[in-house]
Amino acid sequence: MKEYELFIGPQHPGVTGNMMYHLWVDGDTVTKAECNVGYLHRGFEKLMESRNWMQNVPLVCRICVPEPDVNEMAYAMAVEQLMDWEIPERAKYIRVVILELARIAAYLMSIGSYAGSLGIYTLPQWALGDRDYFLDIFEQLTGARVYHIYIWPGGVRWDMPEKLPGLIEKTLSYTEKRLKLYDDVLFKNRIFFDRAVGIGKIPKGKAIEWGVTGPNLRACGYGYDIRKLEPYAVYDDMDFEVIKYPELGDFDVLSDGCDAYTRMIVRRLEIEQSISIVRQALEKMPEGEHIIKHPNWLKWKVPPGYAFKRVESSKGEYGYFVVSDGSNKPVRIHVRGPSYTHGVNVAETILKGANMADVSQILFSLDVCPPDIER
Amino acid sequence: MKAIEIIGKGEEMHGRAYIPSGREEAGTIIKKLKENGFAHFVMLSCVDWIDKNEFELVYHMWSYEHKEHAMISVRLPRDNPSMFSMHELFPQIETYEREIHEMYGIDFEGNSRLTPFLLEGWHDTPPMRKDFDSKKFAEDVFDSIPEIKEEEDEGI
Amino acid sequence: MVDFLIKIAVIALYTTIAMLVGILFMGIGRKIVARVHNRVGPPVYQGFIDIAKLLTKKTNISHGWIYDLALLFSLTGIILTILFLPIGGVKLLGTEGDAFLVLYLLAIPALGFALGAGASGNPNAAIGVMRALVMMLSYELPFVITMIALMIYYDTSSIAQIVELQRARWAIMIPPFMLAAAVADMALQGMLMEAPFDIPTAPHEIASGPMAEFGGKHLGSLMLYKAGTIVAYTTLFVDLFLGGGVVMHDGSILSYIVNFAVWFLLILLIFTLSLLINASFPRFRIEQAFKFYWKYEALLAFISLIWVYLMVIS
Amino acid sequence: MLELIFTALLVASFVTLFVKNGRVAAVISLIASLLPVAAIIDWGNEFGLKIFSFGLEKSMDFSIAGITMHFSVTALAWFFGVMIFFLIPPIMLFSYSFFEKNRGFFPFMLFLITAVFGILLASDFLTLFFFWELMAASSFILVYMGRDRKAIISYLSFSVLSAVLILTGIALIYSQNGTLLFSNVAFSADEVTVSAIILMIAGFAVKSALMPLHAWAPFVYSKADEPFVAFLSGGLSKMGYYGMFLMLFALPGAKILQQYFDSTVATYILALIGAISAFIGTLLAFMEDDLRKLLAYSSIAQLGYIAVGFGIGSSLAITGALFQAFNHAFFKSVLFLAAGAVAYRTGKWKISELGGVAYKMPFTFMAALFSIFALAAIPITSGFAAKWLLYEAAVSNKYIFITPIMLIASVGAFLYSFRILYGVFLGENRHDDIKEAPLPMVAGMFLLVMPLIIFLIFPGYMLDMMHSALVNAGIGTVSHTNYVISTGMASYNTIAVVVGMMIAMIPAFLIYVLRKHRNIDFKDNFLAGEPYEIYGHISMHAANNFYKPIEDVLMPYLRKGATSFYMALYNAMGRVSKTVRRIYTGLSQDYAIYVAVFLLIIMGWLIW
Amino acid sequence: MRYEEWNKISRIASRKSLWMLHFCTGCGAVELPPVMTSRYDMERFGMGPMATPRQADVLLITGYLTVKTLKRVVNVYEQMQSPKYVISFGSCPINGGMYWDSYNTVKRLDRYLPVDVYVGGCMPRPEGVMNAFLELMKLIDEGKARGWEKYQKYYEQYKRNQKMAFGFERGKNEGD
């Protein structure tokens with residue numbers, strides 16, 4: 001046997017969470033990669049089938065740890081569709097605010113971890129420290145730092161406190177200031193160019209066929225964003241442009257796209273975009289109810305039918321397929337996590353032929369999050 | 001709906017096309033849709049209709065061109081279910097098929113990688129089937145494990 | 001006889017102090033990096049605690065006698081190296097060997113470490129050692145060229161002699177050696193395995209590389225080795241370019257203390273500089289580091305060498 | 001009595017030719033190979049190694065068919081004799097277990113020893129050439145036994161090249177001087193002499209595998225029997241340097257060259273070639289997967305240092321070069337023997353297929369470890385002193401190109417050393433069914449390691465041994481005591497290093513002893529949390545393409561430069577030899593015509 | 001030096017230098033980065049993440065354990081060198097938490113590994129995590145953090161329970 005076997009994960013600093021890539025390496029070139037997941041499999045979909053519609057709300061947010069709100073949002077939207085509910089305007093705006101804040105927090109985490117995989121430990125410290133201020137906002141808004149259980153079918157759980165917009169604005173402007181520092185340390189660093197350009201390339205034209213979504217797809221030059229394609233909440237009122245390769249703002253377009261460099265730059269730019277969306281939403285937010293009146297949770301029955309709702313998460317397209325037969329429990333809820341394609345098929349294919357030193361960089365640049373693969 | 005036009009059958013469901021299909025023709029339908037702009041394969045999911053004694057496989061596809069979602073539904077009998085693998089059309093279907101094979105016990109002809117995916121050393125009924133009782137299993141297995149009996153000992 | 005005993009005592013004292021300084025530096029280094037990270041960081045004596053903990057672990061795992069060589073070689077080699085380096089102008093055994101000897105003595109711990117890592121059988125460790133050796137090949141080229149420049153200029157290869165000859169003027173004040181010192185400082189970055197050259201122990205890539213299987217007393221001795229390398233390499237740099245930190249030459253007790261203090265400050269300065277570079281750069285891939293050293297660094301080093309050569313022959 | 005030694009060696013070789021049992025042949029050869037050793041020890045009384053004496057004569061004239069062969073032993077020959085003949089008994093001891101059956105190794109090896117003995121004793125060019133060809137012929141037969149076409153063809157063609165170059169040189173010298181006795185030859189700085197010197201040095205350089213003429217070495221070293229290769233690399237390659245030393249310093253070749261070119265450029269080129277040899281050999285070595293080829297490239301590299309020393313030409317440099325030659329003779333023999341021992345047990349040569357041998361063959365590993373320390377010039381063997389002298393020489397002569405190249409080549413030696421250590425001996429434990437090499441093999445290897453440790457502590461003894469050779473050549477020696485070598489630039493005290501190391505080892509030893517440890521199986525390893533048992537077998541030996549990253553950087557340059565050139569050369573040689581083979585018709589008349597034509601050409605050239 | 005005194009030095013040193021294993025077994029791992037980084041900075045107490053089990057002293061079970069992960073956790077725990085400690089995060093390792101009826105998560109961790117400190121909550125806040133570390137330091141100081149000794153002493157019982165969870169005892173051979 002000429003190759004040796006390496007395990008990246010489950011207990012390894014170079015893997016995004018609790019999953020494993022089984023690599024066959026010859027010299028320093030990966031000749032074969034196999035993704036091995038299931039370390040986090042809790043059987044959510046099975047558990048949801050035995051809980052009623054409202055009991056599932058605290059469960060769904062636990063599917064994706066770094067950005068739980070997209071789960072709540074997709075689940076709520078799917079249930080609302082089956083119930084044929086129209087939710088209050090204010091709730092929609094609050095949802096946009098929390099979704100975008102969660103996106104910023106998730107991007108900060110992903111940028112921090114990515115920088116860690118490149119060996120610059122200053123940025124993870126800064127980015128994750130700054131992310132904590134967003135968790136403070138969540139705490140004031142929802143009462144929890146990580147699992148918010150805030151977006152319910154029918155609206156949001158509580159109204160936004162009066163003083164919160166001030167805090168949010170303060171945090172956002174602080175983040176904007178910090179982003180300049182991040183640029184100096186990572187995004188405009190010469191060694192980052194050297195390391196990331198041309199690494200982990202998704203072949204041209206394959207991205208859509210392989211099911212690549214989100215920032216990873218936009219880094220390949222396709223301006224597809226579910227917030228634009230299928231606007232949910234009030235995204236059609238928001239003024240923003242989809243960021244895609246090669247329009248990378250004031251960052252140099254060094255590579256021909258689809259690589260780790262472009263993916264990270266797209267993420268970096270989307271933080272600024274999210275900041276502007278949060279500001280717009282806070283500005284335009286109307287007064288009014290935040291939730292519609294619910295039926296009794298224990299007896300709540302949902303009309304039969306199929307519903308599929310997608311939202312744009314920081315990792316890509318997040319979809320909930322909800323099937324109801326008219327009883328008080330769902331027949332089937334199937335979650336489409338973005339990492340399902342990124343982490344398994346795409347990663348296995350693009351790791352083949354990669355340099356061993358780049359494996360962890362590629363995984364972090366794809367922003368693979370194992371909980372949404374295995375649920 | 002564009003998808004219904006292309007295939008020539010199906011119904012609209014909450015703004016999405018729902019196309020029922022037979023086991024054999026599913027492959028041609030998906031191929032046809034793929035060629036006609038439905039380039040993004042969203043997911044493959046499975047529903048266990050235990051009352052009707054059948055599994056329903058739902059292929060979700062999305063077209064960036066037409067901005068439209070299509071669900072192709074294939075119903076299979078619950079005993080010895082098997083389906084044709086479509087991983088050659090979209091590579092990620094392989095993973096979905098692995099999961100559904102493991103969770104429902106559906107066999108996919110032509111998929112050579114139906115190895116354990118999420119579970120390890122699983123020998124019971126496939127867990128996502130409706131006749132598998134998760135609560136009972138957990139009680140049987142995990143609650144029956146005894147506690148560690150400690151001796152009365154100063155040292156520990 | 002009394003002289004001999006005094007000499008032995010001085011050598012033992014200085015070596016012990018050097019090792020303690022090295023351990024202290026590990027704590028100081030973590031503190032400095034923590035400040036860059038906006039953190040408080042551990043106490044400066046953290047290195048002592050870590051090493052004490054590792055050496056008092058209950059279980060110590062070994063992969064056989066070759067694996068234990070890592071412990072024996074790494075600690076022995078680094079102490080031996082320090083014996084041959086003038087510290088604060090005190091020559092210890094500095095007159096008994098020269099710069100080449102020091103270069104090769106530094107290879108003893110590295111090779112011992114490599115043997116231990118190889119004996120653990122872990123592929124991560126083997127790859128880590130491969131990277132460490134390639135790094136060695138990379139940074140040695142510019143470093144030896146600068147060293148040869150010094151040797152040609154001072155017409156001696158003994159470090160003690162070079163320190164002695166810098167009494168009037170530190171080497172770094174001579175124009176070609178400014179360039180050489182800049183090159184040697186980047187080489188030092190590689191020797192100390194700080195970013196962008198912390199490739200051999202990259203945790204995200206190879207799970208801390210050669211150390212993957214080390215724990216307990218073995219890891220403790222490696223930490224001691226690491227502490228020793230910090231002192232050895234920075235001292236080597238200070239001896240070569242900064243006159244060994246010698247500012248007083250009268251041979252009084254006071255001069256020993258002052259020289260020691262200056263030496264301490266200088267190696268702290270060099271070490272801090274390397275930490276600040278470490279905190280602001282990602283790491284290279286190994287072949288990029290190799291290219292960096294052999295292309296740019298070696299070229300600059302060679303320019304300084306030729307400059308010195310022209311100065312000497314004219 | 002000298003004839004007796006020659007006769008005894010020849011008789012022994014004929015006897016072993018008819019002995020079928022390898023063990024018996026080995027014993028006979030071992031005894032026979034002690035004869036030259038005894039002679040060396042006896043002569044040692046005059047040249048600095050006083051042990052015992054039985055009054056062996058120092059010179060002899062031997063006439064046959066009107067040609068007189070002049071033999072006499074010089075200090076230089078004696079020093080090379082020490083280097084070479086002390087190698088042979090341990091190799092024979094090793095061969096005792098290595099060859100079950102006598103397949104011709106022993107008779108030709110003894111023949112080879114005879115030839116080497118003759119070369120060293122020869123005191124005229126004709127005798128030298130005669131024995132040189134004897135050496136080439138017998139070693140060719142030993143190479144032929146490896147039954148590898150590439151090896152045979154390249155060795156043959158390079159031997160012929162060497163012979164042609166040397167013979168031409170001798171002819172030129174004869175045409176100038178009319179005599180072939182070393183003592184009577186008087187050189188003058190004219191074109192003919194200079195070209196003779198250069199031709200002869202090139203001829204000798206073939207044998208010592210110097211860079212442009214090294215192409216045969218990897219093929220031959222990787223295919224012939226191990227004990228022979230150990231001697232080929234350890235001993236025979238030194239014969240080339242013996243010849244070079246003879247031409248350059250014993251006969252005043254270096255001075256003539258300097259006079260002729262009016263500068264040191266010729267010798268500088270030799271030094272540069274040596275340094276480049278060392279550098280390229282090192283680079284090629286750490287990219288090689290075949291253990292024997294790796295050692296072959298390593299030989300090319302290590303032998304390059306000797307050429308550097310000769311090229312620099314100062315007393316410091318030549319001392320270093322001779323010291324390096326001595327060290328190389330021993331450590332490289334051990335390494336080849338260790339490779340042989342490993343192959344004897346496992347049957348494998350590829351580094352990527354070996355692994356974990358040290359756990360089963362600890363003594364072989366120990367011997368290899370020490371020789372690798374010597375190879376990498378780690379100051380716990382004598383390997384360092386030699387290189388140190390060379391560096392000192394290069395720096396004190398202000399050789400700003402050669403010194404960095406030499407130093408970096410030496411750092412490169414760490415890389416391939418580790419490749420051998422890890423790839424062959426450490427890493428994944430892949431060989432559960434092997435055991436330690438037989439006792440004679442281990443004993444042979446350890447005998448060869450001994451000098452490396454002795455001369456670590458007392459390098460002065462080594463310098464004493466070469467003292468008269470250097471003085472006779474008018475070079476002068478390096479000031480030294482038994483354990484301190486001083487140059488103008490610095491001094492090196494081996495006792496300080498050894499004692500310092502012992503003291504420095506105390507803390508490490510205390511930690512090692514005071515804290516108990518537990519040995520575990522290598523399967524209980526860090527696999528990112530995965531238990532080994534789930535997978536049954538996990539391949540963990542990262543030895544294939546080990547230095548891939550650096551290979552990726554350097555290979556484009558090397559491919560353009562060295563490798564493709566030599567491959568082209570090899571292909572050309574293949575074509576030439578095919579043509580040559582067409583000439584060998586098998587009819588004796590044809591051969592007679594060839595010989596006549598050849599002689600006519602030679603004579604015509606000489607007369608003209 | 002007597003064993004007890006040596007022990008005391010060991011305790012003092014290991015209290016102030018707890019190296020934790022970088023192993024995110026569940027969702028609790030998301031609250032570790034804040035603890036590690038500039039906001040809470042656990043390096044103040046000499047704690048830091050380590051890449052491999054041999055180097056580490058503390059194993060953090062950050063949340064629920066699936067059967068598949070438990071196998072790895074046990075392997076990792078056995079590779080660590082004693083004295084070693086286990087801290088469990090969240091409610092899932094205490095009683096199963098949200099996943100009390102899941103077929104794939106083991107519920108009570110102390111039946112498989114000796115746990116020194118539990119942190120409740122879902123998720124535990126960083127302050128709670130910090131408090132757990134301080135608590136562990138206190139326990140070490142008092143000589144009460146002896147989970148590893150307990151594991152050695154009742155090794156058979158732990159092994160039996162682990163095998164039962166992995167499915168060996170259910171009459172089926174795992175891994176085929």
Side-chain angles (χ1 to χ4, degrees), chain A residues 34-43 45-47 49-50 78 81-82 84 205-213 217 222-224 226 228-230 305-310 317 319-323 325 330-337 340-346 348-349 370 373-375, chain B residues 13-16 18 34 37-52 55-56 58 60-65 67-71 73 87 89-96 98-100 102-103 113 115-120 122 126-130 132-135 137-138:
Chain A
E34 249 178 36
C35 172
N36 191 350
V37 288
Y39 302 97
L40 296 173
H41 178 67
R42 288 147 282 174
E45 288 162 1
K46 185 77 186 173
L47 298 183
E49 288 170 17
S50 59
Q81 186 178 63
L82 286 172
D84 215 3
K206 287 282 182 196
I208 287 181
E209 191 187 324
W210 286 2
V212 179
T213 51
L217 181 65
Y222 300 97
Y224 297 142
I226 294 162
K228 285 277 184 202
L229 290 174
E230 266 192 324
Y306 299 84
F308 184 86
K309 275 292 177 187
R310 310 187 294 168
E317 171 186 330
Y320 266 62
F321 178 52
V322 177
V323 183
D325 61 351
V331 172
R332 170 82 160 121
I333 295 178
H334 191 177
V335 184
R336 190 251 186 233
Y340 205 90
T341 47
H342 296 163
V344 187
N345 270 80
V346 174
E348 277 179 1
T349 318
I373 302 179
E374 24 200 273
R375 309 176 301 276
Chain B
M13 194 182 273
H14 298 293
R16 287 154 206 274
Y18 180 79
K34 187 189 175 186
F38 286 77
H40 177 45
F41 185 83
V42 180
M43 70 168 168
L44 164 61
S45 63
C46 181
V47 188
D48 182 4
W49 296 104
I50 193 161
D51 305 338
K52 298 175 189 161
F55 287 124
E56 184 185 6
V58 186
H60 297 259
M61 298 178 83
W62 170 258
S63 163
Y64 286 112
E65 256 174 60
K67 302 205 174 157
E68 190 187 307
H69 187 106
M71 299 190 273
S73 153
H87 70 271
L89 289 173
F90 294 100
Q92 73 267 32
I93 295 189
E94 182 187 80
T95 321
Y96 286 104
R98 278 175 78 188
E99 188 188 335
I100 286 171
E102 186 171 45
M103 291 294 169
R113 207 182 158 193
T115 47
F117 180 56
L118 296 176
L119 304 168
E120 195 176 58
W122 185 265
M128 283 299 286
R129 288 193 179 197
K130 286 279 183 193
F132 172 81
D133 189 345
S134 175
K135 191 176 156 204
F137 180 88

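Everything numeric here is computed off the predicted structure, so don't read it as measured data. Quick note on labels: first sequence line is chain A, next is B, and so on, each numbered from 1.
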Exercise for review: Check each atom of A:Ile226 against the heavy atoms of chain B and say whether the ones under 4.5 Å are side chain, backbone, both or neither.
Suggested key: neither

Practice item. Go through the atoms of B:Ile50 and report whether side chain, backbone, both or neither lie under 4.5 Å from a heavy atom of chain A. Key: neither

Exercise for review: Mind running side-chain hydrogen bond (donor to acceptor under 3.5 Å, both in side chains) on A:Glu317 and B:His40 for me, showing each step along the way?
Suggested key: CA-CA 11 Å; A:Glu317 171 186 330; B:His40 177 45; 2.8 Å; yes

Review point. By a 4.5 Å heavy-atom criterion (distance strictly below it), what part of A:Val331 contacts chain B: side chain, backbone, both, or neither?
Key: both

Exercise for review: Pick whichever of A:Glu45, A:His41, A:Glu374 has the most heavy-atom pairs under 4.5 Å with chain B.
Suggested key: A:His41

Review point. Between B:Arg113 and A:Glu348, is there a salt bridge with N-O shorter than 4.0 Å?
Key: yes

Check your understanding: Is A:Lys46 close enough and on-axis enough to B:Phe132, meaning under 6.0 Å and within 45°, for cation-pi?
Key -> no

Check your understanding: For the rings on B:Tyr64 and A:Tyr222, is their centre-to-centre separation under 6.0 Å?
Key -> no

Exercise for review: Compute the centroid of each ring, for A:Phe308 and then for B:His60, and state whether the two points are separated by less than 6.0 Å.
Suggested key: yes

Revision key, fill the gap. Heaviest contributor of heavy-atom pairs below 4.5 Å to chain A, chosen from B:Met128, B:Glu94, B:Lys67, is B:Met128

Check your understanding: Which atoms of A:Val37 come close to chain B, meaning under 4.5 Å heavy atom to heavy atom: side chain ones, backbone ones, both, or neither?
Key -> both

**Study point:** Contact origin within A:Pro330 toward chain B - heavy atom pairs under 4.5 Å
**Key:** backbone

Review point. Is chain A contacted by the side chain of B:Pro91, its backbone, both, or neither, given a heavy-atom distance below 4.5 Å?
Key: both

Check your understanding: For B:His69 and A:Glu230, does a side-chain donor sit closer than 3.5 Å to a side-chain acceptor?
Key -> no

Review point. So, A:Thr341 side chain and A:Gly211 main chain: donor-acceptor pair closer than 3.5 Å or not?
Key: yes

Exercise for review: Check whether the side chains of B:Thr95 and A:Tyr340 place a donor and an acceptor atom closer than 3.5 Å, and report yes or no.
Suggested key: no

Review point. So, the side chain of B:Lys130 versus the backbone of B:Trp49: is there a donor-acceptor pair under 3.5 Å, distance only?
Key: no

Practice item. Please look at A:Ser50 and chain B and tell me whether the side chain, the backbone, both or neither of the residue comes under 4.5 angstrom of a heavy atom of that chain. Key: neither

Study note, to complete from the structure: Ranking B:Glu56, B:Lys135, B:Arg16 by heavy-atom pairs under 4.5 Å to chain A gives rank one to B:Arg16

Practice item. Please flag which part of B:Val58 lies under 4.5 Å from any non-hydrogen atom of chain A: side chain, backbone, both or neither. Key: side chain

Exercise for review: Go through the atoms of B:Phe117 and report whether side chain, backbone, both or neither lie under 4.5 Å from a heavy atom of chain A.
Suggested key: both

Practice item. Name the region of B:Tyr96, side chain, backbone, both or neither, that has any atom closer than 4.5 Å to a heavy atom of chain A. Key: both

